[in-house]
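As structure tokens, the structure follows; a few thoughts come after it.
Letters A, B, ... are given to chains in the order of the sequence lines, protein chains preceding strands, and every chain is numbered from 1.
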2 protein chains.
Amino acid sequence: MTTLSTAGQVLRCFSARRQELTVTEVAELLSLPKSNVSRLLRAMREAGFLESVPDSRGYRPGILMFELGNTYRRDSALVARAHAAVGRVSRDFGHTGYVSIRDGADVIGLTFHEGSRMLRVGTPVGQRLPAFAAATGRALLARLPDEEVARLHPGPLAPPSPNAPQGMDELMQRLEAVRRDGYALAIDESNPGVGSIAVAVGNAAGSEDACLCIVYPLALVDDAERDRMIAALLAEAREIHTRPGATVTARSAAAA
Amino acid sequence: MTTLSTAGQVLRCFSARRQELTVTEVAELLSLPKSNVSRLLRAMREAGFLESVPDSRGYRPGILMFELGNTYRRDSALVARAHAAVGRVSRDFGHTGYVSIRDGADVIGLTFHEGSRMLRVGTPVGQRLPAFAAATGRALLARLPDEEVARLHPGPLAPPSPNAPQGMDELMQRLEAVRRDGYALAIDESNPGVGSIAVAVGNAAGSEDACLCIVYPLALVDDAERDRMIAALLAEAREIHTRPGATVTARSAAAA
DNA sequence: ACTATGGTTCCATTTTTCGGAACAGCCATG
DNA sequence: CATGGCTGTTCCGAAAAATGGAACCATAGT
């Protein structure tokens with residue numbers, strides 16, 4: 001295995017739950033000799049990928065990773081417009097909204113607008129979730145042909161809750177509904193008490209797409225309100241598609 | 001030069017203004033043969049560091065960088081507490097607040113709370129600024145001995161505005177004032193019309209420290225209000241120092 | 001002092017990398 | 001439809017780096 005790909009593997013060992021790793025931990029996780037890992041982690045630190053945790057033997061991702069992560073695709077024209085669009089809906093209804101993208105069989109939150117209500121849903125930015133079990137994920141999966149979806153899920157599904165699709169058949173049915181309706185819904189699915197509405201935007205051909213999403217506490221939203229939010233998201237998505245030229249710089253979208 | 005450090009250099013070529021790079025651009029920026037860069041960028045893509053931009057020859061940082069950047073030190077006990085403290089001050093006064101850290105002679109914004117006023121200052125998260133020319137930077141530099149500050153600035157200072165320190169002498173004087181007062185001020189310095197108040201927290205010994213900061217439109221804040229904000233920040237910093245055990249999980253700090 | 005644990009260094013062998021040059025793909029232009 | 005300019009890729013032997021087992025250090029706990 002080449003150094004670079006091993007370094008990639010090392011970085012993948014970090015997560016929200018594993019923010020700090022030692023030589024031995026990495027060696028065990030990747031089944032590599034300690035001598036190797038020892039040198040590799042040091043080299044990665046010299047190169048800026050990692051930094052040593054003060055008063056500890058551990059390593060953690062370096063500031064370089066933070067800087068890079070911060071510009072990730074936020075300035076892509078599509079994501080910037082999606083961010084602005086979600087912001088309008090989030091503001092109008094007071095619930096948290098975010099933009100997410102798909103990476104293989106997962107979805108990841110890219111940007112968010114925090115809701116203004118006392119009771120609101122937290123921020124899932126940077127968190128990786130199985131796409132099939134999230135509204136955003138199904139909105140994005142629905143743009144792929146069935147065989148591609150199947151290819152992305154070689155093993156049996158591991159539904160995190162009873163309201164998530166329990167198998168490929170159910171997933172395919174729900175994707176069909178998303179294609180018909182133009183939006184995806186997840187009620188009480190990954191998170192109890194939480195509902196999400198998701199609408200995909202962008203070029204479905206895989207070149208670049210993203211997903212608008214509003215998440216809300218089920219206790220605060222009745223069916224009528226939910227339908228209004230769906231309509232608002234669909235309208236924003238239509239606006240993005242019908243006027244693809246209208247650029248929004250990330251700066252103006254992020255500023256007040 | 002080893003592959004890993006070259007890869008680090010490549011990543012450093014990206015910035016908010018350069019979100020996408022081609023083989024030729026990297027080759028010129030780093031003075032490397034194109035053959036090398038061609039293979040390296042491909043290897044970096046295979047390893048997850050980069051991704052190809054659709055419908056373009058360019059590369060951009062990969063989603064792996066985004067995921068790593070998102071957990072960067074946000075869950076460090078100190079940063080989490082600082083974030084919560086800044087949040088209180090930001091909410092009470094309505095101005096934008098953020099937490100930043102020092103990296104060599106630069107400062108970088110880590111987390112922020114957006115202000116609630118119509119007129120407010122934007123979000124500098126992930127942006128790298130020369131420490132000597134920012135309130136946050138001077139608050140953190142002031143914790144170092146003079147010779148260390150000098151070591152960090154081998155060349156002559158390049159002040160970005162007339163209100164920034166114009167030379168090492170003036171910088172040292174202003175750092176002395178920061179040490180005396182316990183806070184740093186920057187008025188109309190890096191950004192016209194903007195004032196900032198910064199207070200450092202954490203273990204000055206370099207092991208881990210961070211900086212609380214409030215930024216505000218000068219038009220909205222008179223001297224009395226500014227003094228109240230200074231007092232509020234100093235009180236929060238004192239609280240953090242006098243009760244070092246009180247932990248705040250990042251989750252509860254980030255959640256609603 | 002002794003041991004357990006985690007981390008580093010050493011060294012010969014194996015595997016990559018290096019960089020110049022030749023080559024291939026893609027447009028625009030003549 | 002050639003031509004030239006530009007960008008990116010492949011090829012090759014020489015040079016350098018990574019590998020992994022074992023021996024070696026450092027630290028904390030008994």
Report task. Please test A/Ser56 against A/Glu20 for side-chain hydrogen bond (donor to acceptor under 3.5 Å, both in side chains), starting from the C-alpha separation and ending with a verdict. Result -> CA-CA 10 Å; A/Ser56 156; A/Glu20 187 180 331; 2.8 Å; yes
Report task. Could you go through the side chain to side chain contact (heavy atoms under 4.5 Å, CB included) check for A/Leu64 and B/Leu11 one step at a time? Result -> CA-CA 8 Å; A/Leu64 176 60; B/Leu11 292 179; 4.2 Å; yes
Query raised in the report: For the helix from C/dA1-D/dT30 to C/dG30-D/dC1, what angle lies between the axis at the first five pairs and the axis at the last five pairs, to 10 degrees?
Result: 40°
Query raised in the report: Backbone N or O of B/Ala133 within a donor-acceptor pair of the B/Ser190 side chain at under 3.5 Å?
Result: yes
Query - Shortest non-hydrogen separation from B/Ile101 to B/Leu140 and the atoms involved - result: C-CD1, 3.8 Å
Requested in this report: Can you check each nucleotide of nucleotides 23-28 of chain C against protein heavy atoms at under 4.0 Å and return B for base, S for sugar-phosphate only, - for none, in 5' to 3' order?
Outcome: ------
Report task. Verify the contact: side-chain N or O of A/Thr6 to OP1 or OP2 of D/dA18, cut-off strictly under 4.0 Å; return yes or no. Result -> no
Query raised in the report: Quick one: do A/Asp103 and A/Arg128 make a salt bridge, cutoff under 4.0 Å?
Result: yes
Query - Spacing of B/His83 atom NE2 and B/Arg81 atom CZ [to the nearest 0.5 Å] - result: 14.0 Å
Query raised in the report: Which residue lies toward the 5' end of DNA chain C, A/Leu4 or A/Val23, if each is placed at its nearest nucleotide?
Result: A/Val23
Report task. Nearest 0.5 Å please: distance from the CG atom of B/Leu21 over to the CZ atom of B/Phe14. Result -> 4.0 Å
Requested in this report: Check each residue of residues 27-46 of chain A for a non-hydrogen atom within less than 4.0 Å of any atom in DNA chain D, then write out the ones that pass by number, or none.
Outcome: A/Pro33, A/Ser35, A/Asn36, A/Arg39
Query raised in the report: Quick one: CG on A/Leu152 to CG on A/Leu144, what's the gap to the nearest 0.5 Å?
Result: 6.5 Å
**Report entry** Of A/Val23, A/Val10, A/Leu50, A/Leu30, the residue whose pairing with A/Leu40 passes side chain to side chain contact (heavy atoms under 4.5 Å, CB included)
**Finding:** A/Val10
Query raised in the report: Between atom CD in A/Gln9 and atom P in D/dA18, what is the gap in whole Å?
Result: 17 Å
Requested in this report: State, without any angle test, whether B/Tyr72 and A/Glu51 hold a side-chain donor-acceptor pair at a distance under 3.5 Å.
Outcome: yes
